[in-house]
Amino acid sequence: MYQLINDQITDSVTCVKRIADNAFIPFDPANIDYQAYLAWVAAGNTPLPADQPE
Amino acid sequence: MSLGDLGISTINGGAIGVKNAIINGNFAVNQRAVSGTVTLAAGAYGHDRFKAGASGCTYTFATANNITTLTISAGSLIQVIEGNNLFTGTYTLSWVGTAQGKIGGGSYAGSGVTGSVTGGTDLNIEFNTGTLSLVQFEQGSVATPFERRPYGTELALCQRYYEAGYSVFYQGVTNSYQYAAPVFFKVTKRVSATVVGVNAVNTGFPTTVTVYDASASGFMNYRIANATRADGAFAINWTASAEL
């Protein structure tokens, strides 16, 4: 399971958190963890939404 | 002709200079601190730059006289060599031990396996069960003696793919204000890195760790203060992975 992460500084979603191990995965196509996330999404899964900015 | 006029491009058919395309071929670097009987799920990393094959991997290891030998009892162990470090031509894979190795989609064989390499393309080097040490992959069709690089050099080569560290923030803080501590990697990563942070200190802050702006050069360690204190602090132990 993953959750989108809203960057408080830029107020935009720039990475996703892998909840199982609290890994913050950047949106880089060459990052193998991001590739695994994309495959997970392609399999029909949906990440949890980002927490709202405080 | 003087000795200084000699132009030597190879020795024993092998490359001169940094010839070993395998990183951590002596298994000296172990940033993940695996120990005892190492049991890895498929794709999980043990010693730096080496990960389990499709069926996982189980191994033990011992070091004698500065040479580390793995004993692989189940599954296989893979190093993916980054294409940036490979050039088109014939390469030779050599090692010490009873394990068998293969190059890419080739067949397993004993030490001295040769194969054709396409420059710029990532390549799997894989070993099955048996003992394994002093792994080398070099240009040419002849296995030459293992290249002994300084430990600091080998560690830096590993840190292009994985690095562990500690980040601390400490100053007076105001409740509900946002604070961030930049972390700069010692070695630029292959790609933007996946970062895992584990809370180590939280004074005036929650325990929750949040990371922003992870790149190939570093990341931001971020929290929102939950108290006003003159001695606010938060710290994490972190790892950054840009493995293949």
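Numbered from 1 within each chain, the chains take letters A, B, ... in sequence-line order. Since the model is a prediction, treat every value here as computed from it, not as a measurement.
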If you take all heavy atoms of Asp28(A) and Ser192(B), which pair is closest and at what distance? OD2-N, 2.9 Å
Interface moiety of Phe219(B) toward chain A, non-hydrogen atoms closer than 4.5 Å: neither
The interface call for Ser176(B) against chain A, heavy-atom contacts under 4.5 Å, is neither
Note: vs chain A, highest number of non-hydrogen pairs under 4.5 angstrom among Val209(B), Asp213(B), Thr210(B), Val195(B) is Val195(B)
Part of residues 230-244 of chain B lying next to chain A, heavy-atom separation under 4.5 Å: Ser241(B), Glu243(B), Leu244(B)
For the CZ atom of Phe24(A) and the CG atom of Asn221(B), what is their distance to the nearest 0.5 Å? 9.5 Å
Which portion of Ile5(A) sits near chain B, non-hydrogen atoms under 4.5 angstrom: side chain
Just how far is it from atom CG of Asn31(A) to atom OG1 of Thr194(B), taken to the nearest 0.5 Å? 3.5 Å
So which residue, Ala193(B), Gly197(B), Ala214(B), ends up with the most heavy-atom pairs under 4.5 Å with chain A? Ala193(B)
Identify, with sequence neighbours excluded, every residue that meets side chain to side chain contact (heavy atoms under 4.5 Å, CB included) alongside Ser12(A). Thr10(A), Thr14(A)
Pick from Asn22(A), Asp7(A), Asp21(A), Ile32(A) with the largest number of heavy-atom pairs that fall under 4.5 Å of chain B: Asp7(A)
